[in-house]
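All remarks here apply to the structure that follows.
Whatever order the structure lists ligands and atoms in, that order sets their numbers, starting from 1. FYI, the numbering just counts along the sequence from 1.
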Amino acid sequence: MRQKSEKRMEVEIDKDSGFCFGVVTAIESAEKELRQTGTLYCLGDIVHNSLEVERLQRLGLQTVNHEGFSLLHGEKVLLRAHGEPPSTYAVARENNISVIDATCPVVLRLQRKIHKCYEETRHNRTQLVIYGKRGHAEVNGLVGQTEGTAIVIEKPDDLDKLDFARDITLFSQTTKSLDGFRRIVEEIYRRIRETNAAIQFDYFDTICRQVANRLPNIKAFASRHDCIYFVAGEKSSNGRMLFEECLKANPRSVFISEAKEITEPLPPEVRNAGVCGATSTPKWLMEEVAARICKMNN
Ligand code: SF4
């Protein structure tokens with residue numbers, strides 16, 4: 001989509017930015033229920049974007065944390081795309097909570113894979129390792145498949161936690177970068193060689209291509225504009241990661257969370273601007289930002 005101002009400032013919204021199908025499905029499930037009943041709980045923010053959360057709140061969605069969830073009885077609760085550990089389903093059963101399960105199918109497949117691997121290898125003390133962000137909802141759901149035993153690795157240095165005398169199986173959180181995952185794999189191999197360990201090391205690239213494919217796209221998009229407004233919520237780790245890539249491709253990239261953060265016109269040498277965002281950024285928000293850029297530069 002292109003919008004032109006009188007100053008002939010061109011603004012393009014990246015058509016590949018915005019919600020991934022996991023988030024779209026979760027939001028559609030919430031909207032459907034809200035249309036029918038006008039009320040629904042969601043365990044955790046349905047998407048890491050406060051403006052979209054507020055929009056759904058106005059329709060009747062109430063966000064609860066795990067503590068609030070455990071106090072509910074007989075209510076209907078949506079589980080978002082990130083997925084949940086088995087303990088959440090146990091609480092729902094105990095408290096007669098009916099669950100609308102919007103766990104993304106890609107995450108669900110990964111949860112099952114990790115659970116199967118845990119069941120098959122627990123007898124030989126294989127270390128199940130997850131490359132991901134500690135405490136992230138998806139990672140908590142994955143660790144829950146191993147009765148809390150999986151080791152979470154955020155960076156190569158964290159590999160100090162592993163015992164290189166025991167077998168290792170590595171998975172990744174779906175939203176991590178492929179480069180980061182490759183670095184972890186290489187470092188594990190390096191340490192195995194260094195210690196001369198006769199252990200089995202298996203790894204599974206479980207990174208979601210909805211996210212991974214955005215990296216090359218967003219780099220190309222950022223480099224063909226004079227400046228970039230990257231729109232995402234502060235809490236979005238995917239947003240931070242994609243923004244870093246924009247910044248590398250175009251130093252004139254700015255991270256914003258909403259249109260009103262744009263308070264000044266662009267310098268005269270800037271003839272075109274690109275608007276892009278994370279998998280948690282709503283299209284309507286990027287459109288608002290594009291409209292604001294046009295308005296400010298008229
Ligand atoms: S990023 Fe991929 S795995 Fe995660 S919710 Fe979106 S589609 Fe599903």
Would you mind counting protein N, O or S atoms that sit less than 2.8 Å from atom 8 (Fe) of ligand 1?
1
Listed partners of Tyr203 passing ring-ring contact (aromatic ring centres under 6.0 Å, His included), at least two apart:
Phe201
What residues, two or more places apart in sequence or in another chain, satisfy salt bridge (charged side-chain N to carboxylate O under 4.0 Å, His left out) together with Lys161?
none
Is the charged tip of Lys176 near the ring of Phe181: under 6.0 Å from the six-membered ring centre and within 45° of its axis?
no
Would you kindly check if the NZ (Lys) or CZ (Arg) of Arg240 is within the cone defined by 45 degrees around the ring axis of Phe255 and under 6.0 Å from the six-membered ring centre?
yes
Can you list every pair that meets salt bridge (Lys or Arg N to Asp or Glu O under 4.0 Å) and has a residue in residues 60-76, with sequence neighbours left out?
Glu33-Lys76
Atom 1 (S) of ligand 1 - nearest protein heavy atom and its distance:
Val211 CG2, 3.4 Å
Could you tell me whether Arg292 and Glu288 have a side-chain N and a carboxylate O separated by less than 4.0 Å?
no
